[in-house]
2 protein chains.
Amino acid sequence: MKKSIPTLKAMAEQLGLSISTVSRALNNHPDISSETRKRVQALASEVNYIPNIFAKGFRAHKTNILGVVVPNITHYFTTTLIRGILEEASLRGYRVIVSESNNDVVKQTEMLNTMIQFGVDGVLMSISKMTRDIDSILKVMHTLPLVLLDKASNKIPCTQVVINEEEAAYNAVEHLINIGKKRIAIIKETQFSYNSEKRFAGYLRALKDYNLPIDEKIILTVEDISLTQGEQMTNILMSLKEKPDAIFAITDGAAIGAIKTLKKHKVKIPEDIAVVGFSNSLNSTIIEPQLTTVDQPGQKIGATAVKYLIQEIDNPNVELINKTIEVRSNLIIRDSTLSIK
Amino acid sequence: MKKSIPTLKAMAEQLGLSISTVSRALNNHPDISSETRKRVQALASEVNYIPNIFAKGFRAHKTNILGVVVPNITHYFTTTLIRGILEEASLRGYRVIVSESNNDVVKQTEMLNTMIQFGVDGVLMSISKMTRDIDSILKVMHTLPLVLLDKASNKIPCTQVVINEEEAAYNAVEHLINIGKKRIAIIKETQFSYNSEKRFAGYLRALKDYNLPIDEKIILTVEDISLTQGEQMTNILMSLKEKPDAIFAITDGAAIGAIKTLKKHKVKIPEDIAVVGFSNSLNSTIIEPQLTTVDQPGQKIGATAVKYLIQEIDNPNVELINKTIEVRSNLIIRDSTLSIK
DNA sequence: CTGAAAGCGCTTACAG
DNA sequence: CTGAAAGCGCTTACAG
């Protein structure tokens with residue numbers, strides 16, 4: 001029931017030409033007479049000839065496919081990364097195989113291996129939280145160009161495209177200080193989360209620069225940050241004798257959990273306690289008050305990562321430079337920090 | 001700098017065997033002596049041999065890759081579809097190429113063509129809104145197995161995996177009637193949106209079954225439904241002499257826009273006007289009051305679609321049955337319709 | 001039990 | 001200007 005897909009051979013027979021000539025005619029090789037070229041191209045469009053890119057790539061050891069591994073595809077920010085990747089890849093004639101690691105290190109390695117098996121030309125990866133064992137990733141790098149994006153790692157010597165995490169967090173905390181906050185809590189993750197560590201560093205630097213004390217009691221660390229964790233941590237903060245006057249949650253989810261809990265406690269936001277999140281997720285404008293947060297240009301990060309990856313694919317013998325490219329993010333100020341007088 | 005990838009030929013030379021023997025040994029062919037088999041397999045795992053799936057697939061006219069085309073990858077529901085697709089595909093040894101049509105019919109056709117060019121074994125698609133020209137899709141069907149999911153079309157003769165749109169909408173409206181609502185507005189899209197039409201049909205059937213009048217003035221149709229459109233349509237509803245006592249928005253976004261607008265008008269939700277959405281998006285529990293909505297099992301739909309697609313791939317000559325498979329969805333009742341006494 | 005050879009669809013250096 | 005041939009990595013019917 002399926003029609004047979006047209007091939008060079010079939011067209012060559014039909015036209016009484018050799019396969020080579022047909023191939024050259026379609027690729028606009030200068031040797032071919034314009035008459036032959038026209039005949040071939042006419043037939044090609046008539047039968048809707050589409051070159052088999054694998055036969056092509058198989059010869060050239062190239063599939064024009066990029067592999068993408070992300071921890072969780074349902075996160076809005078991740079989808080913006082992917083959109084950027086798809087667009088840029090498409091412009092450059094690449095397709096994209098996507099897979100999820102579910103923040104599972106074993107699965108992450110598995111995914112990398114199938115990527116190799118499927119012959120991708122390079123891999124883009126946001127690494128899973130809790131990736132302590134770098135070996136499997138290093139192995140991939142010996143076989144294939146690899147670029148990390150968003151969730152990166154200082155320990156892996158490859159090109160990384162990230163946002164200015166530390167600076168963005170610094171700016172967020174500085175904003176809280178500027179609106180008069182002096183006791184700023186943070187809800188963060190453990191040291192195995194790249195993003196969390198960077199944001200925490202920005203938080204610490206801002207407090208130091210403005211001579212604010214660092215108080216362990218309002219530095220809350222959770223294993224796997226979420227809205228629920230934001231609620232729980234905020235309850236802990238509300239039970240303190242010395243309550244904070246601001247909360248910097250390193251994800252929007254946790255920040256929204258914080259806002260929900262503060263509202264239950266009848267705390268005025270931002271007058272009593274201001275809240276800042278991170279990501280500019282869709283939810284951040286649904287919650288009331290709307291959330292001040294850091295907008296991360298996911299699409300740009302994705303597109304940039306593709307550019308660097310293809311550069312490495314096209315120049316396999318150039319010694320790698322392994323830059324870390326920081327894409328700028330912006331603080332979006334909304335009602336959760338800005339009291340409208 | 002990149003290591004050469006091990007091949008059968010390289011291993012054959014190293015072991016002093018023929019390529020055929022090495023191939024058979026790795027595939028556990030019964031002819032091979034267990035000693036040879038062991039030697040080969042030992043070397044294979046030592047050099048970390050990974051078969052080139054394209055050389056393999058190229059021979060068998062099979063790439064073990066599925067193509068996915070969705071209108072918009074950033075929609076949460078779409079990511080759950082994709083997650084289901086990725087999981088099921090992975091279990092069955094397939095990889096997935098993803099692409100976005102951005103609800104652009106031309107781009108959708110382009111994507112389908114590159115899918116063919118990249119030699120996918122089959123395609124899963126959520127069709128773009130406003131797809132009036134079916135020809136390009138029918139063409140694909142002659143070349144490749146195609147299964148539609150979620151956003152389908154009665155006009156395309158292929159297997160379709162959808163939710164029970166009509167019934168779900170009926171149940172949602174029935175729920176509004178059960179809590180005492182009698183003048184139920186609907187915010188929907190034009191007739192070129194498959195989902196909208198089905199949901200509208202369910203709305204009409206419920207009103208008829210319960211002998212409620214159908215009033216064109218509270219049936220609002222927009223081109224491209226969104227939160228903003230939900231706000232605008234709700235403003236229109238609030239300007240009517242005879243206001244509705246409930247709003248059924250065919251997406252959560254529009255429902256949330258409705259709630260935001262109703263709150264501005266100081267309307268009590270659900271006492272004065274109840275609101276129901278559709279999708280159970282993440283936002284639906286962030287908005288206050290929390291939104292009653294229809295939960296769509298995206299992951300299951302995705303996984304189911306993969307099963308049917310692979311079935312077609314494996315049985316190319318069986319005459320297609322072109323079933324429409326309906327996956328059940330559930331109404332999730334929350335504060336926007338249920339007054340807690 | 002093992003090997004030589006053909007072939008999947010394409011490109012390209014080599015002839016003519 | 002055109003064609004015959006090799007080769008990309010693999011599997012498999014055919015020999016032996």
Side-chain angles (χ1 to χ4, degrees), chain A residues 2-41 43-44 47-65 93 116-121 143 316, chain B residues 2-41 43-44 47-65 93 116-121 143 316:
Chain A
K2 303 290 162 199
K3 240 193 258 173
S4 65
I5 295 172
T7 65
L8 288 186
K9 192 178 165 196
M11 294 197 293
E13 275 169 16
Q14 199 177 331
L15 292 166
L17 290 167
S18 75
I19 296 174
S20 333
T21 304
V22 175
S23 169
R24 280 190 274 251
L26 290 172
N27 293 318
N28 287 315
H29 190 98
D31 273 1
I32 302 296
S33 72
S34 71
E35 196 204 349
T36 306
R37 188 194 319 266
K38 273 179 204 154
R39 280 180 62 213
V40 172
Q41 296 189 343
L43 178 63
V47 300
N48 197 24
Y49 171 71
I50 300 176
N52 180 328
I53 211 158
F54 287 116
K56 217 162 164 170
F58 175 44
R59 262 192 109 256
H61 285 282
K62 199 151 182 315
T63 53
N64 277 65
I65 293 183
I116 297 178
Q117 181 176 157
F118 274 80
V120 299
D121 293 337
T143 321
Chain B
K2 301 291 161 200
K3 239 192 256 171
S4 64
I5 294 171
T7 63
L8 288 185
K9 191 177 165 196
M11 295 196 293
E13 275 169 14
Q14 198 176 332
L15 292 166
L17 289 168
S18 75
I19 297 174
S20 333
T21 304
V22 175
S23 169
R24 282 191 272 252
L26 290 173
N27 292 318
N28 288 315
H29 190 99
D31 273 2
I32 302 297
S33 72
S34 72
E35 196 203 348
T36 307
R37 189 194 319 266
K38 273 179 204 153
R39 281 180 60 213
V40 172
Q41 296 188 343
L43 177 64
V47 300
N48 196 25
Y49 171 72
I50 300 176
N52 179 328
I53 211 161
F54 288 116
K56 217 165 166 168
F58 177 42
R59 262 192 110 256
H61 284 283
K62 198 151 183 314
T63 53
N64 277 65
I65 294 183
I116 297 177
Q117 180 175 159
F118 273 82
V120 300
D121 293 336
T143 320

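No hydrogens, no waters, no symmetry mates; every other heavy atom, side chains included, goes into these values. No experiment lies behind these values; they were computed from the predicted model shown. Residue numbering restarts at 1 for every chain, and letters A, B, ... go by the order of the sequence lines.
Atom-to-atom, CZ of B/Arg37 to P of C/dC1 comes out at 9 Å; the value is rounded to the nearest Å. Following rounding to the nearest Å, B/Leu8 (CG) and D/dC10 (C1') show an atom-to-atom distance of 6 Å. Between A/His29 atom NE2 and C/dA13 atom C1' the separation is 11 Å, expressed in whole Å. For B/Glu35 and C/dC1, the CD to C1' distance is 12 Å, given to the nearest whole Å. Computed from coordinates, the B/Asp31 CG to C/dT2 C1' distance equals 9 Å when rounded to whole Å. If you measure from atom CD of A/Glu13 to atom P of D/dG3, you get 13 Å, rounded to the nearest angstrom. As a whole-Å value, the separation of A/Arg24 CZ from D/dG3 P is 9 Å. For B/Lys9 and C/dA5, the NZ to C1' distance is 15 Å, given to the nearest whole Å.
Taking OH of A/Tyr49 as the reference point, atom CG of A/Leu43 lies at 11.0 Å (rounded to 0.5 Å).
Set against C/dT11, C/dT12, D/dT11, the side chain of A/Asn27 has C/dT11 as its closest nucleotide. For A/Ser33, taking side-chain heavy atoms from C-beta onward, the closest of the listed nucleotides C/dA4, D/dC1, D/dC10 is D/dC1. Side chain of B/Thr36, nearest nucleotide from D/dT2, C/dT2, C/dC10: C/dT2. The listed nucleotides are C/dA4, D/dC10, D/dT2; the one nearest the side chain of B/Thr7 is D/dC10.
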